[in-house]
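Chain letters run A, B, ... following the sequence lines, proteins first and then strands; every chain starts at 1. No hydrogens, no waters, no symmetry mates; every other heavy atom, side chains included, goes into these values.
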Amino acid sequence: MPKITFIEPGGKSRTVTGQSGQTVMEVALKNDIPGIPGECGGACSCATCHVYVGKGWTDKVGQADEAEEDMLDFAFGVRDNSRLSCQIRVTDELDGLTVQIPEQQF
Amino acid sequence: MTSEKAIKADAVIIGAGPVGLFAIFQLGLLDIKCHVVDILDKPGGQCTELYPEKPIYDIPGFPEISGQELSDNLMQQAAPFSPVFHFGNMLESVDRRADGRFLLQTDRGVFFDTRVIVIAAGGGSFQPKRPPYRGIEGYEGHSVFYAVRQMEKFRDKKILIAGGGDSALDWALNLQPIAKKISLLHRREEFRANMDSVGKMRALVETGKLDFHIGQLKSLNGDGKYLSSVTALGRDGADIEIDCDTLLPFFGLTMKLGPIAGWGLNLNQNLVYVDTEKFQTSEAGIFAIGDINSYPGKLKLILSGFHEAALMAQAAFRLLHPDERLVFQYTTSSSKLQKKLGVL
Ligand SMILES: Cc1cc2nc3c(=O)[nH]c(=O)nc-3n(C[C@H](O)[C@H](O)[C@H](O)COP(=O)(O)OP(=O)(O)OC[C@H]3O[C@@H](n4cnc5c(N)ncnc54)[C@H](O)[C@@H]3O)c2cc1C
Ligand code: FES
């Protein structure tokens, strides 16, 4: 099962196991990772699940689609490797993925 | 505050989400008229704010219904009882008076004098997202604003609007004629907003009436209360200094428990404890239904909120009319109820 590492703004990191088919936001929520409230439950309508995709993973994770890109307008500190974690589906290829949690979601 | 200018009410519902809306209906059947307060400018709560187009599959009797449709239907169902809505109002304080009634106040100075309070505040009130910059609190209310309530306040100001949604564009267009200078800061060339507004905005940019910068807020410069400029991070990584004395950030809404935390109710993890007979809180006369409440076995579903509204209404009736007998009736067969619904 794919392992995902969440890096908190302070640098603390935690590696947890996700299940294929879950979203990265769901994995975070299930494991009580702080800083990803996922307020809209994954409907791509709140931007409170913003993460920075770790170095070397951006290609594998892929680009945000138009709706997600629009929603990223409501996040702060958006960078080239920004994604909404509720729009990233966990697959076996993403085993080892690291994502960084922004300073603040809102 | 004196209660003279307070609106006298049987019941005040805090929150016009699906559960608050159904409470109007249930209370209405028992002749309890409601005033309803919501910080948003429209009904529906999470259903219309977070997922208006998404289908819901677990509303009894509706194999599939969108968040918007559900809200519209609930409004229609509540209409015979002529509820009075106070949108754009955040309910701030609750004080119990000596006679057992409550005096309520909203942030816009609306007062209610009521016997029954129904907290249907869901995940909390929707509040504007505040940019995560240390010290922004000090500027709020002086040079940082999340809403425009009186346009005149912004006359002759050097305004910076940050964001790329409809609110950002609408206010850029509306304030442009009265502002001394107006700038718009957005992280990219594209906008997720009404095409017409985008067109108008671009036309203003072309004629030099509006400065458009591509970038993101980086820091606020000023004395801690009044802004002198804002630094943005441009797409190329270089800083952009924007001359402004007023900043309006529009980054959407987030749910915050808000003032309810200070009302002296028995809370746990931002939820209000209730009993499962009356759905009453630790304070007699204050009920809590829907996502905001907590009790053993609670499910945060719309359907549970509807059930809670029905039982709460019975308890509210008994509180308001301790000496009257409450007769159980069906809407299908009771001519009394049908008259209230306006179908007879
Ligand atoms: C993406 C998503 C999908 C969902 N899908 C389903 C589903 O399929 N089935 C289901 O049953 N449920 C679903 N839900 C949950 C459902 O939306 C909630 O259970 C429901 O909205 C709760 O209704 P409510 O009326 O209690 O609160 P809310 O809908 O949260 O409404 C509360 C209202 O109160 C207002 N408010 C709060 N405090 C104050 C104050 N102090 N002053 C003024 N106004 C205030 C808020 O602004 C808000 O409008 C879903 C939720 C989400 C986010
Ligand atoms: S959880 Fe709301 S956008 Fe991802």
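Residue B:Lys298 qualifies as enclosed at atom NZ: its count of foreign heavy atoms under 6.0 Å is above 12. Heavy-atom contacts from other residues, nucleotides or ligands closer than 6.0 Å to CD of B:Glu64 number more than 12. By the 6.0 Å contact criterion, CG on B:Asp236 is enclosed, its count of non-hydrogen atoms from other residues, nucleotides or ligands being greater than 12. Around the CD atom of B:Glu241, the shell of radius 6.0 Å holds more than 12 heavy atoms that belong to other residues, nucleotides or ligands.
Interface with chain B: from residues 7-25 of chain A, no residue qualifies, criterion being any non-hydrogen pair under 4.5 Å. The stretch residues 72-82 of chain A places A:Leu72, A:Asp73, A:Phe74, A:Ala75, A:Phe76, A:Gly77, A:Val78 near chain B, each with some heavy atom under 4.5 Å from a heavy atom of that chain. Proximity to chain B at a heavy-atom threshold of 4.5 Å picks out A:Glu39, A:Cys40, A:Ala43, A:Ser45 from residues 32-45 of chain A, in numerical order.
Ranked by heavy-atom pairs under 4.5 Å with chain A, the first of B:Arg188, B:Lys54, B:Lys218 is B:Arg188.
Screening residues 2-44 of chain A for ring-ring contact (aromatic ring centres under 6.0 Å, His included), with sequence neighbours left out, gives no hits.
Proximity to chain B involves both the backbone and the side chain of A:Glu69, based on heavy atoms less than 4.5 angstrom apart. Only the backbone of B:Arg130 has a heavy atom closer than 4.5 Å to any heavy atom of chain A.
In this structure, the side chains of A:Glu66 and B:Arg192 stay at 4.5 Å or more apart for every pair of heavy atoms.
The line from OG1 of A:Thr48 to NZ of B:Lys129 is 6.5 Å long, rounded to the nearest 0.5 Å. A:Cys46 SG to B:Phe126 CZ: the interatomic distance, rounded to the nearest 0.5 Å, is 10.0 Å.
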